[in-house]
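To start, the structure under review is shown below, and the notes come after it.
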Amino acid sequence: MDLLDWIRAIFMKEKMKRTNVILFGPPGSGKGTQAQKLVEKYSLLHISTGDLFRYEIGNETPLGLKAKEYMNKGHLVPDEVTIGMLKNKVEANPEVKGFIFDGFPRTIPQAQALDSFLHSKGEEVSALVALEVEDNEIVSRLLKRGETSGRVDDQNEEVIRNRIKVYSEETSVVYDHYSKSNKSQTVNGLGTIEEIFSRLSKVFDQID
Ligand code: AMP
């Protein structure tokens with residue numbers, strides 16, 4: 001390889017490097033709202049596994065019917081189903097600059113699957129950004145959202161408490177998983193939408 005090829009190879013690699021951010025935090029921490037604003041500002045694609053499942057449920061697909069049973073109780077949909085669906089969505093969008101993953105990964109096996117999937121494509125998770133909101137605030141936010149969202153899982157306090165329990169028992173460890181490679185960061189999730197967006201933007205501006 002001569003010098004010119006070498007420079008070209010480095011340039012191509014840089015050019016193709018995508019930004020893959022996990023927007024993390026408990027249910028009701030504002031991930032969906034903030035993701036919508038962030039994708040616009042940073043030209044990334046928003047992938048919410050919850051939204052993908054709700055789309056499948058709306059279309060009454062076999063995947064949707066399977067997911068619905070778990071979702072309505074506030075349980076996690078099994079990893080293999082979720083991981084397969086996520087990979088399909090990523091594969092279907094080869095041209096985008098990167099992704100904001102919202103609601104995924106939610107377990108260590110999902111995080112490991114995401115890492116090896118991205119590695120197989122010469123990519124990696126760029127950062128995990130966690131919105132911090134305490135439990136009682138989450139419960140009141142979700143019950144309020146349930147009045148208008150039509151989401152069964154937002155309308156029952158027991159189901160909400162179960163989702164919070166699942167988050168602390170199975171999902172919060174995903175933060176530690178990415179801390180090992182210094183990729184995890186926390187942002188205060190209290191305040192107005194604009195205040196939180198400005199905090200997140202400061203973090204996103206530093207992600208390369
Ligand atoms: P969300 O919209 O992110 O709050 O997700 C709503 C529900 O969808 C969750 O309570 C789970 O039942 C299911 N779900 C969404 N993402 C995942 C995931 N990564 N793994 C397993 N279940 C998920």
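Atoms considered below: every heavy atom in the structure, side chains included; atoms not considered: hydrogens, waters and symmetry mates. Atoms within each ligand, like the ligands themselves, are counted from 1 in listed order.
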Nearest protein heavy atom to atom 16 (N) of ligand 1, by residue and atom, and its distance? Thr49 OG1, 2.8 Å
Per-residue contact class, Arg151 against ligand 1 - non-hydrogen pairs under 4.0 Å: side chain
Flag the pair Phe24 / Tyr167 as yes when their ring centroid distance falls below 6.0 Å, and as no otherwise. yes
Mind checking whether Gly103 has an N or O less than 3.5 Å away from an N or O of ligand 1? yes
Show the atoms of ligand 1 that are less than 4.0 angstrom away from any heavy atom in His75. 11 (C), 12 (O)
Between the side chains of Tyr175 and Thr186, does any donor sit under 3.5 Å from an acceptor? yes
Within a radius of less than 6.0 Å around CD of Glu60, do more than 12 heavy atoms belonging to other residues, nucleotides or ligands occur? no
Within the 4.0 Å heavy-atom shell around Arg163, which atoms of ligand 1 are there? 4 (O)
Heavy atoms, side chains only, cut-off 4.5 Å: are Gln34 and Ile193 in contact? yes
Can you hop from Phe204 to Val39 via hydrophobic side chains spaced under 4.5 Å? yes
Report the nearest protein non-hydrogen atom to atom 15 (C) of ligand 1: residue, atom name, distance rounded to 0.1 Å. Arg106 NH1, 3.3 Å
Quick check on Asp205: does its CG atom have over 12 non-hydrogen neighbours (other residues, nucleotides or ligands) under 6.0 Å away? yes
Against heavy atoms of Gly50, which atoms of ligand 1 measure under 4.0 Å? 2 (O), 5 (O), 15 (C), 16 (N)
What are the atoms of ligand 1, with element, lying closer than 4.0 Å to any heavy atom of Arg54? 2 (O), 6 (C)
Do you see a donor-acceptor pair shorter than 3.5 Å between the side chains of Asn188 and Glu132? no
So does Gly150 get a backbone contact from the side chain of Asp154, meaning a donor-acceptor N/O pair under 3.5 Å? no
Identify, for atom 13 (C) of ligand 1, the protein heavy atom at the shortest distance, and state residue, atom and that distance. Met71 CG, 3.7 Å
Atoms in ligand 1 with a heavy atom of Val77 nearer than 4.0 Å: 13 (C), 21 (C), 22 (N)
Can you report which non-hydrogen protein atom sits closest to atom 23 (C) of ligand 1, along with the distance? Phe53 CE1, 3.8 Å
With a 4.5 Å limit on heavy-atom distance, are the side chains of Phe101 and Ser48 in contact? no
Could you tell me which atoms of ligand 1, counted from 1 in the order shown, lie closer than 4.0 angstrom to a heavy atom of Gln110? 18 (C), 19 (N), 20 (N), 21 (C)
Checking contacts here: is it the side chain or the backbone of Thr82 that comes within 4.0 Å of ligand 1, counting heavy atoms only? Could be both or neither. side chain
